[in-house]
Amino acid sequence: MDKGTSKWERIAAEAARTLPGRENGGNCDIKNLSRGCKVYFPVFVEGANLSMGDMHFSQGDGEIACCGGIEMSGFLELKCEIIRGGMAKYLTPMGPTVLHVNPIFEIGPVEPRFSEWLVFEGISVDESGRQHYLDASIAFKRAALNAIDYLFKFGYSKEQSYLLLSCCPCEVRLSGIVDVPNAVVTLALPTAIFDQDIRPQKDGPPAGPRNNALTLFGKPFNKNPPAMKTLAQRRAPAQPRAKLLNRKIIRYCDSLSLAIKKKLLSLDELQYRIVLIIEMNVLQMGNTKRNEWAMVTAKITNISMDNFFYKACPLQKGDKQCRKKVRENGNGSWFCSSCNVQVQNYDYRYALKIDLKDPIGELQLVTAFDETTESIMGVAASNLHLLSIDEDATSEIKSNVIGNEYCFTLSLKKETYYRNNRLKCVILSSKKVDNSATPL
């Protein structure tokens, strides 16, 4: 199509710009639109096409800096369905034409998850002191500026803080719109992403890197800032404790290869957590292509049964069962999105969260699936889901299990999730220890 022709001019006049977020989708930059989500787009023309782009590795709510999220290349796997007449059924135009509607979406299961936050509040009063009646944009700006100024006190330049708020998974909420005249917006920063404790302390902010020599973004910057402890250094055990752990590891793991010993004796934050497991009277240890494993003895101190089962696909995929979650169709059948088929029945899939206690009092959260759940709880897998509706039976079974010592084989998988190192521990097998037996 040649520019300047009548057809080009007509399309240019009618086409919807996709730079901003708009009624047919557009560049919405919503942090929670991630893997596993569902988006319901209104369709305004017959034969409409669909395109996707602007993928982010990480982004804060609002992406306050232009292109401030961490952009990335990648591939999208999309599954599309059409709901005929869906706009008329679900979307009421909030304006004079049918165009005045907006998409809706379901949040998927994959998103940043943090438990500790530092929250900054902003109200609709600008830097000059002028009040803007219920202006959420001004309130958002004030919350962001308050966070930037606060982080500056911890040694980060204001430019760094500005970019950080745009690319880290911060949470922004419209917290108050009812009490006139001020709108209230809050901006929550996950504290785990920082290499220092940014919470207020009575002694004030610690002495961190300061900008006082070179220039960065037009500001002075010191290339040799005062040394700061890394996250691993702050969380590593005290020296006597580290020496004790080393002695125990050497005693327990004399039969291991030199490569595994070196890996275990490097006490950074993640490997220290592995040490805590290995220290639990380790009996045997090794590794596979993907995971490390250890055979340990430990006591069960708690069992979490919140949402511990779901309905899973029973079909075989190669030599393994699919076991992905299925959803009900409403006609007596179930749909598996992984196999992309309808099934007439389902299996139950179990996942118990269990706390283990080692001899020195450390706790470690582990997960037990299906067969191991059955062996620990002493209930047939076909009846485990019934515990969710029988509190008395559940309490009795848990009381019979908690406090007992077991010999566990654990799969140890190291993961990195949004810069957080974590250890995923899964029980491969378990056997109750009979402490009444006379030791040899």
Side-chain angles (χ1 to χ4, degrees), residues 29-31 54-72 112 114-130 135-173 175 184-235 268-269 416-421:
D29 285 327
I30 299 174
K31 173 169 65 68
D54 194 19
M55 299 174 67
H56 291 165
F57 174 79
S58 179
Q59 178 207 307
D61 277 340
E63 195 185 13
I64 61 175
C66 181
C67 297
I70 301 178
E71 308 284 343
M72 61 176 286
F114 295 92
S115 58
E116 297 180 352
W117 306 80
L118 192 62
V119 183
F120 299 88
E121 179 184 298
I123 61 174
S124 53
V125 177
D126 64 23
E127 300 90 311
S128 67
R130 179 188 172 193
D135 192 326
S137 296
I138 296 294
F140 185 1
K141 178 182 177 183
R142 289 306 312 163
L145 289 175
N146 290 340
I148 290 170
D149 182 74
Y150 181 89
L151 294 176
F152 180 72
K153 295 176 172 60
F154 286 79
Y156 305 101
S157 73
K158 293 188 175 182
E159 292 84 357
Q160 289 173 326
S161 302
Y162 176 49
L163 294 175
L164 178 67
L165 297 186
S166 187
C167 67
C168 81
C170 62
E171 301 277 354
V172 178
R173 297 287 184 268
S175 301
V184 178
V185 170
T186 51
L187 186 153
L189 275 176
T191 56
I193 68 174
F194 294 92
D195 59 357
Q196 58 179 311
D197 190 348
I198 64 167
R199 295 172 297 179
Q201 308 286 342
K202 64 179 181 179
D203 297 328
R210 300 297 168 181
N211 301 331
N212 55 16
L214 302 178
T215 58
L216 181 67
F217 299 107
K219 300 289 184 178
F221 182 76
N222 180 11
K223 68 177 181 179
N224 295 310
M228 294 178 60
K229 287 186 177 181
T230 66
L231 188 64
Q233 288 172 329
R234 294 201 320 275
R235 295 186 179 178
D268 66 11
E269 180 194 5
T416 301
Y417 189 69
Y418 278 88
R419 292 183 59 193
N420 289 323
N421 287 332

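Residues: numbered from 1 along the sequence shown. All figures in this text were calculated on a predicted structure; none of them were measured in a lab.
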Is there side-chain contact between [X] and [Y], with at least one heavy-atom pair below 4.5 Å?
{"X": "Tyr156", "Y": "Leu164", "result": "no"}
{"X": "Val119", "Y": "Glu121", "result": "no"}
{"X": "Leu187", "Y": "Phe140", "result": "yes"}

- What orientation do Trp117 and Phe114 show, parallel under 30°, tilted 30 to 60°, or perpendicular over 60°? perpendicular
- Message: Can you tell me if Glu127 has over 12 outside heavy atoms packed within less than 6.0 Å of its CD?
- Response: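 Yes - once you tally the heavy atoms of other residues, nucleotides and ligands closer than 6.0 Å, there are more than 12.
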Without swapping roles, check the side chain of [X] against the backbone of [Y] for a donor-acceptor pair under 3.5 Å.
{"X": "Asn146", "Y": "Arg142", "answer": "yes"}
{"X": "Ser58", "Y": "Ile70", "answer": "no"}
{"X": "Gln196", "Y": "Phe154", "answer": "yes"}

With rounding to the nearest 0.5 angstrom, report the [atom1] to [atom2] distance, [X] to [Y].
{"X": "Arg173", "Y": "Asp61", "atom1": "CZ", "atom2": "CG", "value": "6.0 Å"}
{"X": "Cys167", "Y": "Gln59", "atom1": "SG", "atom2": "CD", "value": "9.5 Å"}
{"X": "Asp135", "Y": "Ile123", "atom1": "CG", "atom2": "CD1", "value": "12.0 Å"}

- Message: Walk me through whether His56 and Glu71 qualify under side chain to side chain contact (heavy atoms under 4.5 Å, CB included).
- Response: CA-CA 5 Å; His56 291 165; Glu71 308 284 343; 3.1 Å; yes
- Item | Residue pair Lys31, Glu171: steps toward the salt bridge (charged side-chain N to carboxylate O under 4.0 Å, His left out) verdict | CA-CA 9 Å; Lys31 173 169 65 68; Glu171 301 277 354; 3.1 Å; yes
What is the minimum heavy-atom distance between [X] and [Y], and which atoms define it?
{"X": "Ser161", "Y": "Leu151", "answer": "OG-CB, 3.4 Å"}
{"X": "Ala143", "Y": "Val185", "answer": "CB-O, 3.8 Å"}
{"X": "Cys170", "Y": "Leu189", "answer": "CB-CD2, 4.1 Å"}
{"X": "Pro205", "Y": "Lys153", "answer": "CB-O, 3.4 Å"}
{"X": "Tyr150", "Y": "Arg199", "answer": "OH-C, 3.6 Å"}
{"X": "Ala65", "Y": "Tyr162", "answer": "CA-OH, 3.4 Å"}

